[in-house]
Amino acid sequence: MTPAQQIILVDPAEEGTSVLGGRLRMQGYTVHEVADPAEGARMALADAPAAVIADLWMPGISGVQLCRLLKAEAGTEHVPVVLRGPDSQRNRFWAERAGAAAYIVKGRMGDLVRALARAIANTPPTDGFCIQLAGDADLRDRIASHLDAALFESVIAAEVRALGTCGAFDRLFDLFSQLVTQITTYRWLAVSTVMPSRFALHTHPRCRAETDREARTALGLSDETMLCIVEDEDTSEVIEGPTPIIYPIVLGGTLIGKIALAPSDDDRHARQLVNVLAREVAGPIRMASLVEESQRLATIDPLTGLMNRRAFLQALDVEFASAARYGQSLTGIVMDLDHFKVINDRHGHASGDTVLSTTGAMLAKQARKGDLIARWGGEEFVLALRSTDLAGAAHAAERLRKMVSALGVTTPQGEPIVTTVSIGAAQAMPGESIESLIDRADRAMYQAKSGGRNRVVISSEATQPAEAAPGSAAPAAASEASANESASSDVSNGRGSAPGDGASARN
């Protein structure tokens with residue numbers, strides 16, 4: 001009989017040869033029957049059998065403990081353990097969590113024989129490594145050690161899973177790094193995600209440049225990958241150390257990122273720790289990404305990728321307060337695509353959407369860092385230019401007007417679509433409200449429409465909004481005008497409402 005057919009049967013209730021033992025021998029197995037679970041464990045660890053059969057609940061050492069012990073030792077980690085006991089969902093749960101190959105209701109010998117054959121057939125080959133235990137004390141120490149390790153992992157897992165309520169990736173990583181520094185010492189800790197592509201790094205302030213390069217290399221990231229940095233002295237200041245430990249972060253079979261930890265010294269537990277962290281942080285990362293995506297969708301216009309009206313007003317409120325506090329200029333621009341209804345009617349709404357998305361992409365590309373851009377609604381866009389006076393706004397608006405004219409949008413059939421825009425701009429006055437600024441820029445844009453379209457009009461209202469009569473229009477002044485069809489800025493110093501013709505004036 002070959003060693004692969006040896007079975008250890010642990011049954012405290014039986015003395016000598018049991019009925020189950022006889023049934024297994026009929027199937028061609030060599031069965032070693034023991035009543036003491038500790039003796040069964042020593043036999044398995046000394047000479048790995050083809051399988052172990054034990055009761056779930058036994059005096060001294062339970063089947064759960066026996067299973068965890070064998071799974072934790074290198075020589076028996078692949079030995080299938082079949083546990084038996086009363087028919088109970090709770091018992092099945094415990095057996096599964098312990099790593100048992102199967103849980104069989106006691107007395108169902110046919111089920112057990114079949115489950116045993118399947119488990120042995122699916123067992124990978126082993127190297128025959130075994131250990132010799134000194135006695136019960138050694139055995140119980142090993143069991144206690146493995147149970148302590150399992151408890152430690154469960155505590156870490158619970159702490160990491162609790163971070164799932166952070167709601168933002170940068171805050172999640174900050175709290176995550178604070179947790180990991182309480183468990184182990186390291187030179188740096190990094191987490192990267194796939195969608196979106198980003199990179200978070202926890203490092204010592206004096207080692208940032210070196211660890212940034214090392215972490216990006218370890219994770220295979222380019223210099224363009226978005227970085228979230230946490231710098232403090234909780235990390236080691238050592239530049240060099242053991243090779244970084246890297247594990248994939250997988251959720252539901254999908255790779256969502258990687259985690260890398262660079263130990264400051266040789267820590268034999270570090271690899272297992274990183275493995276646990278990689279497994280447990282996947283859920284919180286996914287939850288934070290979903291929250292961020294929902295927040296982004298609530299503030300972003302899906303067609304153009306720019307801010308929507310609500311997000312723009314919230315951001316502009318902050319800019320207003322900052323401009324007032326530091327005495328900086330702030331200019332609002334309203335721009336409306338000319339004859340947009342004609343574009344939709346003549347070329348179709350799909351082409352109209354292409355014009356809008358192309359315009360939005362151009363505005364996003366041309367904006368300075370700190371400027372605010374949004375789709376105000378329909379074919380209308382708004383901008384808020386930080387630290388920009390009327391002269392600067394006129395220059396910026398004229399540049400944008402020319403760029404809209406040069407968009408070069410075509411229909412799916414290749415027919416060119418003429419695109420022009422009418423622009424109005426106004427500079428915020430002391431004490432003015434956001435609504436008033438946008439209204440003045442909007443009325444200046446209407447004057448550009450009524451003046452022939454494809455031009456810029458700059459509001460030059462000099463009085464405070466509170467002094468203006470209700471319903472009165474703001475005077476407007478414009479930059480230099482041209483006489484041809486692609487006229488630049490409209491020159492108008494007259495007072496009074498801009499003449500309009502209903503919807504056609506807006507378009």
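The model shown is predicted, which means the values in this text are computed figures rather than measured ones.
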Original post:
Do any pairs count as a side chain to side chain donor-acceptor pair (under 3.5 Å) and have a residue in residues 302-318, sequence neighbours left out, and if so which ones?
Top reply: D301-T304
Which pairs would a plain distance check flag for residues 356-366, meaning a side-chain donor or acceptor within less than 3.5 Å of a matching protein atom at least two apart in sequence or in another chain?
unit_1, atom_1, unit_2, atom_2, d
S357, OG, D353, O, 3.1
S357, OG, T354, O, 3.0
T358, OG1, T354, O, 2.6
T359, OG1, V355, O, 2.7
Q366, OE1, R399, NH1, 3.0

Original post:
Measuring from E210:CD to W188:CH2, what's the distance to the nearest 0.5 Å?
Top reply: 13.0 Å
Original post:
If only atom types and distance count, is the side chain of T419 paired as donor or acceptor with the main-chain N or O of V404 below 3.5 Å?
Top reply: yes
**OP:** Rounded to the nearest 0.5 Å, what's the gap from CD on E231 to OG1 on T211? Could you check?
**Re:** 8.0 Å
Original post:
Are any side-chain N or O atoms of N122 and backbone N or O atoms of R118, one a donor and one an acceptor, separated by less than 3.5 Å?
Top reply: yes
**OP:** Quick one: closest heavy-atom pair of I246 and A218, and the distance?
**Re:** CD1-O, 3.2 Å
Subject >> Nearest-0.5 Å distance, CD of residue Q427 to CD of residue E432 >> reply: 9.5 Å
Original post:
With side chains defined as the heavy atoms from C-beta onward, is the minimum distance between F381 and I333 less than 4.5 Å?
Top reply: no
Original post:
Do NZ/NE/NH1/NH2 and the carboxylate oxygens of E73 and R68 come within less than 4.0 Å?
Top reply: no
**OP:** Assess the side chains of N91 and W57: does a donor N or O sit below 3.5 Å from an acceptor N or O?
**Re:** yes
Subject >> Within residues 202-241 or reaching into it, pairs that qualify as ring-ring contact (aromatic ring centres under 6.0 Å, His included) - sequence neighbours excluded >> reply: Y186-H202
Subject >> Heavy-atom donor-acceptor pair, T217 side chain to R213 backbone, under 3.5 Å >> reply: yes
**OP:** First locate atom OG of S192, then atom CD1 of I285, and finally report the distance between them rounded to the nearest 0.5 Å.
**Re:** 8.5 Å
**OP:** State, with a plain yes or no, whether a side-chain heavy atom of E214 is found less than 4.5 Å away from one of P244.
**Re:** yes
Subject >> Distance (rounded to the nearest 0.5 Å) between S329 OG and R386 CZ >> reply: 11.5 Å
**OP:** Heavy atoms only: give me the nearest D389-G392 pair and the separation to one decimal.
**Re:** OD1-N, 2.9 Å
Subject >> L313 side chain near I434 side chain, heavy-atom distance below 4.5 Å >> reply: yes
Original post:
So do L277 and Y247 actually touch side chain to side chain, heavy atoms under 4.5 Å?
Top reply: no
Subject >> A119 backbone acceptor or donor facing T123 side chain under 3.5 Å >> reply: yes
Original post:
If you measure only the distance, is there a donor-acceptor pair under 3.5 Å linking the side chains of S264 and S236?
Top reply: no
Original post:
Hey, are K106 and D87 close enough for a salt bridge, meaning a charged N less than 4.0 Å from a carboxylate O?
Top reply: no
Subject >> Straight-line distance of T235 OG1 to E237 CD, nearest 0.5 Å >> reply: 8.5 Å
Subject >> Under 3.5 Å donor-acceptor, R216 side chain and S222 backbone >> reply: yes
Subject >> Test item: R375 side-chain N/O and G378 main-chain N/O as donor-acceptor pair under 3.5 Å >> reply: yes
Subject >> Partners passing side chain to side chain donor-acceptor pair (under 3.5 Å) against Q295 (at least two apart in sequence or in another chain) >> reply: none
Original post:
Which atom pair, heavy atoms only, marks the closest approach of I8 to G40?
Top reply: CD1-O, 4.0 Å
**OP:** Side-chain contact test, heavy atoms from C-beta onward, threshold under 4.5 Å: evaluate it for V334 versus E380 and give yes or no.
**Re:** yes
Original post:
Given side chains that start at C-beta, do those of W94 and Y103 come closer than 4.5 Å, heavy atoms only?
Top reply: no
Original post:
With a 4.5 Å limit on heavy-atom distance, are the side chains of D11 and D55 in contact?
Top reply: yes
Original post:
Closest heavy-atom contact between I104 and A115?
Top reply: CD1-CB, 3.9 Å
**OP:** Apply side chain to side chain donor-acceptor pair (under 3.5 Å) to R325 and list each qualifying residue two or more places apart in sequence or on a separate chain.
**Re:** none
Original post:
Are the side chain of T76 and the backbone N or O of V79 linked by a donor-acceptor pair below 3.5 Å?
Top reply: no
**OP:** Could you tell me whether D371 and R368 make a salt bridge, using a distance below 4.0 angstrom between a side-chain N and a carboxylate O?
**Re:** yes
Original post:
Has M195 got more than 12 heavy atoms of other residues, nucleotides or ligands less than 6.0 Å from its CE?
Top reply: no
Original post:
Can you find a heavy atom in the side chain of L116 that is under 4.5 Å from one in the side chain of Y29?
Top reply: yes
Original post:
If you measure from the Lys or Arg side-chain nitrogens to the Asp or Glu carboxylate oxygens, is any gap between K71 and E77 under 4.0 Å?
Top reply: no
Original post:
CZ of R92: more than 12 outside heavy atoms within 6.0 angstrom?
Top reply: yes
Original post:
Would you find a donor on one side and an acceptor on the other, under 3.5 Å apart, between the side chain of S62 and the backbone of M58?
Top reply: no
**OP:** Show your reasoning for whether side chain to side chain contact (heavy atoms under 4.5 Å, CB included) applies to M335 and M445.
**Re:** CA-CA 7 Å; M335 52 186 295; M445 183 274 295; 5.9 Å; no
Original post:
If every non-hydrogen atom of A393 is compared with every non-hydrogen atom of T331, which pair is closest and at what distance?
Top reply: CB-CG2, 3.3 Å
Subject >> A384 versus L316, closest heavy-atom pair with distance >> reply: CB-CD1, 3.6 Å
**OP:** Determine, step by step, whether T203 and V230 satisfy the side chain to side chain contact (heavy atoms under 4.5 Å, CB included) criterion, reporting the C-alpha distance in whole Å, the side-chain angles of both residues, the deciding distance to 0.1 Å, and the verdict.
**Re:** CA-CA 7 Å; T203 183; V230 175; over 6 Å; no
**OP:** Using modelled atom types only, decide if a donor and an acceptor are shared between the side chain of Q182 and the backbone of Q178 within a distance under 3.5 Å.
**Re:** yes
Original post:
Going by the angle between their ring planes, with limits at 30° and 60°, are F173 and F169 parallel, tilted or perpendicular?
Top reply: parallel
Original post:
Does any N or O in the side chain of K258 come within less than 3.5 Å of the main-chain N or O of A190, such that one atom is a donor and the other an acceptor?
Top reply: no
Subject >> Under the salt bridge (Lys or Arg N to Asp or Glu O under 4.0 Å) test, residues paired with R108 that sit two or more places apart >> reply: D111
